[in-house]
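Throughout, residue positions are numbered sequentially from 1 according to the sequence presented. Read the numbers this way: they start at 1 and go in the same order the structure lists the ligands and their atoms.
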Amino acid sequence: MIVVMKQGASQAQIAHVTERIKEMGLTPHVSQGQFRTVIGAIGEEAVAKQEMLRQIEGVEQVLQIMKPYKLCSREFHAEDTVIDIRGIKIGGTHCAVIGGPCTIEDLDMLQTIAKAVKKAGARILRGGAFKPRTSPYAFQGLGKQGLQMLCDVGKSLDMATITEVMDPRDVDLVAQHADILQIGARNMQNYNLLREVGQTNKPVMLKRGLAASIKEWLMSAEYIMSGGNHQVILCERGIRTFETETRFTLDISCIPVARIDSHLPVYVDPSHAAGRRDLIESMALAAIAAGAHGVMVEVHHCPDKALCDGPQALLPEQFQRLMDQIRQVAPVVGKTVE
Ligand code: PEP
Ligand code: MN
């Protein structure tokens, strides 16, 4: 449930409500809005508890959250969440693009691609070090070595970095090297992993599972947030359908749905949805037009030689063109590309 405090409620009144919530065996989450404070009380709810809270001095009203997810719901937090990574803003009216290779192959290639995506205007660099490959015989990523390269290149170019973490035992290591932790589509319902990243203070990009409903996706976000980490970015990356012309089917409708039901930033990864580079531009622009806060795009200067996902990687000049177009589309839907 949500306890809405009266405008001008004192800190002592807020602290008192928080204490009472704890005594009821619930977990309080205080959200200080521009005009009033809202306190979420998460746990086993009961009408009697609502009644008790309603009586407390300074309380305006007590509302039940109707959705099965609470912390990530718009009911709990009316304003868009904006995540700040050293001045790079994710969410709200901001549009920040993520670009980079599918996987880090060596330092040289990472530097070349990073320079190109930065020049085009991307402020966040992607690069996989732990790769979730369908085949156990395919290249699995450079692991710790790759993380170090990502960290070094990100620092030298003043870019934020994102990389996937697949194993709960690697969460600390990845958090030491990257600015954003990525949970891959195949791990969206790996609850131990979600709980582990929920214990960090790093933003987490949560990819939608290959066959996950929007509700299941938001329930997974709730897992992360219930651990205390509220910096979650949702990312649609295509879902399984009967269509075979594309690798997956990009669910454009999930963007407005997620934005209506949740306050979290919503990203789109057209690369993994399409699986082919000739579709990326239109899918990325459609995502921005539909309200996405940014896109994550795979780029490779020599895709024919890429160790992973070459057919879907944009060439640097194609990425530059896409950035130029995003800069035109984003303002039409009230976003600024920074
Ligand atoms: C990726 O972004 O590197 C990736 C493997 O994506 P997904 O988990 O969406 O397949
Ligand atoms: Mn990839």
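- Residues D172 and Q176 bring no donor and acceptor atom of their side chains to less than 3.5 Å of each other.
- For the residue pair E105 and H300, a side-chain donor N or O sits within less than 3.5 Å of a side-chain acceptor on the partner.
- With a 6.0 Å radius and a threshold of 12 heavy atoms from other residues, nucleotides or ligands, E57 has its CD atom at or below the threshold.
- Counting non-hydrogen atoms of neighbouring residues, nucleotides and ligands closer than 6.0 angstrom, the CG atom of D167 exceeds 12 such neighbours.
- Each of the following atoms of ligand 1 lies closer than 4.0 Å to a heavy atom of K131: 3 (O).
- Residue G184 has at least one heavy-atom neighbour below 4.0 Å for each of these atoms of ligand 1: 8 (O).
- Within D309, the N, O or S atom at minimum distance from the Mn ion (ligand 2) carries the name OD2.
- In the hydrophobic clustering of this structure, L250 does not group with M296; members are Ile, Leu, Val, Met, Phe, Trp, Tyr whose side-chain heavy atoms approach within less than 4.5 Å, directly or through other members.
- When non-hydrogen atoms are compared, ligand 1 lies under 4.0 Å from the side chain of P132 (C-beta onward) but not from its backbone.
- Atom 9 (O) of ligand 1 has as its closest protein heavy atom R237 NE, 2.6 Å.
- Checked by distance only, ligand 1 and A185 come closer than 3.5 Å through their nitrogen or oxygen atoms.
- Those atoms of ligand 1 that come under 4.0 Å of a heavy atom in R186, given as number and element, are 7 (P), 8 (O), 10 (O).
- Because the distance cut-off is set at 2.8 Å, C102 qualifies as a neighbour of the Mn ion (ligand 2) through one of its N, O or S atoms.
- The distance criterion of under 3.5 Å between nitrogen or oxygen atoms is not met by E164 with respect to ligand 1.
- The salt bridge (Lys or Arg N to Asp or Glu O under 4.0 Å) test with D309 singles out one residue from K131, R126, R247, and that residue is R247.
- Residues E243 and F248 fail the side-chain proximity criterion, which asks for heavy atoms closer than 4.5 Å.
- Of the possible polar contacts, none joining the E338 side chain to the C95 backbone as a donor-acceptor pair under 3.5 Å is found.
- Taking the N/O/S atoms of E298 in turn, the shortest distance to the Mn ion (ligand 2) belongs to OE2.
- Atom 6 (O) of ligand 1 has its closest protein heavy atom at K207 NZ, 2.9 Å.
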